[in-house]
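First comes the structure, then the notes that go with it.
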Amino acid sequence: MIDVILLAGRLLFVALLYLFLFALMKTGIGLVKGQRKKEKSWGISVERGPKELRGVKMSVRGPIIVGRAPGADIVIGASYVSARHARFSIMGANLFVEDLGSTNGTAVNGRRITEPTVLKNNDVVNVGDVAIRVRYE
């Protein structure tokens, strides 16, 4: 008799364990789906500059370097651009642009910056005659 009770207890325990794991997975999948739909992210797009760069769009998920060096994420092959001219980076929910000590400077909405500057949706960052628009979508 005790064997039947122990067997029933084990089966009940396994059934409850499977129900718990199923509920956990369903909740986790729902969270992932919800994050994908509602998640906004920062993006940049080149609006003005050399023909080969116009229309280039990038999502900002980590630091993005703009410069003349071949290792930069956005390469501007002009003499007025420093090898490592500016950097876009995300800190928390904010997007920052920072001039990396370039000779000719970096401007946000026409104003030259000297320190890391927080960007807003639709701001325009100028590196020489290249205009990069920032979007939060």
Side-chain angles (χ1 to χ4, degrees):
M1 184 66 179
I2 192 91
D3 292 334
V4 174
I5 294 173
L6 285 176
L7 179 63
R10 288 180 186 161
L11 290 175
L12 180 63
F13 176 73
V14 170
L16 289 174
L17 184 61
Y18 275 107
L19 284 173
F20 173 74
L21 291 174
F22 176 74
L24 188 67
M25 291 298 294
K26 186 176 178 186
T27 303
I29 290 171
L31 286 175
V32 170
K33 283 182 181 177
Q35 288 173 350
R36 286 186 187 156
K37 288 180 185 175
K38 296 176 186 173
E39 179 183 322
K40 288 187 171 186
S41 64
W42 288 100
I44 59 175
S45 60
V46 178
E47 290 190 341
R48 192 178 71 236
K51 193 180 340 177
E52 61 272 5
L53 282 179
R54 269 183 262 149
V56 169
K57 295 181 180 183
M58 298 179 79
S59 293
V60 183
R61 303 230 185 275
I64 293 180
I65 303 293
V66 178
R68 191 176 65 237
D73 298 302
I74 297 178
V75 178
I76 304 170
S79 60
Y80 57 81
V81 177
S82 299
R84 290 175 45 89
H85 196 98
R87 173 178 43 224
F88 291 91
S89 55
I90 292 182
M91 291 184 207
N94 295 320
L95 178 64
F96 286 81
V97 66
E98 173 183 10
D99 185 77
L100 298 175
S102 66
T103 305
N104 296 315
T106 303
V108 175
N109 298 325
R111 299 181 68 194
R112 192 169 174 161
I113 61 170
T114 56
E115 58 188 26
T117 303
V118 70
L119 297 170
K120 297 181 297 258
N121 190 30
N122 286 321
D123 278 352
V124 176
V125 177
N126 292 94
V127 176
D129 64 350
V130 176
I132 301 170
R133 183 164 306 270
V134 175
R135 299 205 190 272
Y136 188 63
E137 303 177 318

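Going from atom CG of Leu119 over to atom CG of Leu95 covers 5.0 Å, rounded to the nearest 0.5 Å. In this structure, the separation between OG1 on Thr106 and CD on Glu98 is 9.5 Å, given to the nearest 0.5 Å.
Taking Ile, Leu, Val, Met, Phe, Trp and Tyr as hydrophobic and joining them when side-chain heavy atoms fall under 4.5 Å apart, one finds Leu7 in a cluster with Leu11. Grouping Ile, Leu, Val, Met, Phe, Trp and Tyr by side-chain contacts under 4.5 Å, direct or through others, puts Val14 with Tyr18.
Applying the side-chain hydrogen bond (donor to acceptor under 3.5 Å, both in side chains) test to pairs two or more places apart or on separate chains, none has a residue in residues 111-121.
By the rule that hydrophobic residues join a cluster once side-chain heavy atoms approach within less than 4.5 Å of another member, Tyr80 and Val97 end up as members of one cluster. Residues Val56 and Val75 do not share a hydrophobic cluster, defined by chaining ILVMFWY side chains whose heavy atoms lie under 4.5 Å apart. Linking ILVMFWY side-chain heavy atoms closer than 4.5 Å, directly or via other members, places Ile90 and Phe88 in a single hydrophobic cluster.
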- Query: Would Val127 and Ile74 count as a side chain to side chain contact (heavy atoms under 4.5 Å, CB included) if you check the C-alpha gap in whole Å, the side-chain angles of each, and the deciding distance to 0.1 Å?
  - Reply: CA-CA 11 Å; Val127 176; Ile74 297 178; over 6 Å; no
- Starting from the C-alpha separation in whole Å, work towards a yes-or-no answer on side chain to side chain contact (heavy atoms under 4.5 Å, CB included) for Arg135 and Asn122. CA-CA 5 Å; Arg135 299 205 190 272; Asn122 286 321; 2.7 Å; yes
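For Asp73, the side-chain contact (heavy atoms from CB on, under 4.5 Å) partners are Met58, Ile64, Ile65, not counting sequence neighbours. Scanning for ring-ring contact (aromatic ring centres under 6.0 Å, His included) contacts around Tyr136 gives Trp42, with sequence neighbours left out. Residues satisfying the salt bridge (Lys or Arg N to Asp or Glu O under 4.0 Å) criterion with Arg68, sequence neighbours excluded, are absent altogether.
Looking at Asp129, its side chain never comes within 3.5 Å of a backbone N or O of Gly49 through a donor-acceptor pair. Of the possible donor and acceptor atoms, none in the side chain of Asn94 sits under 3.5 Å from a partner among the backbone N and O of Val118.
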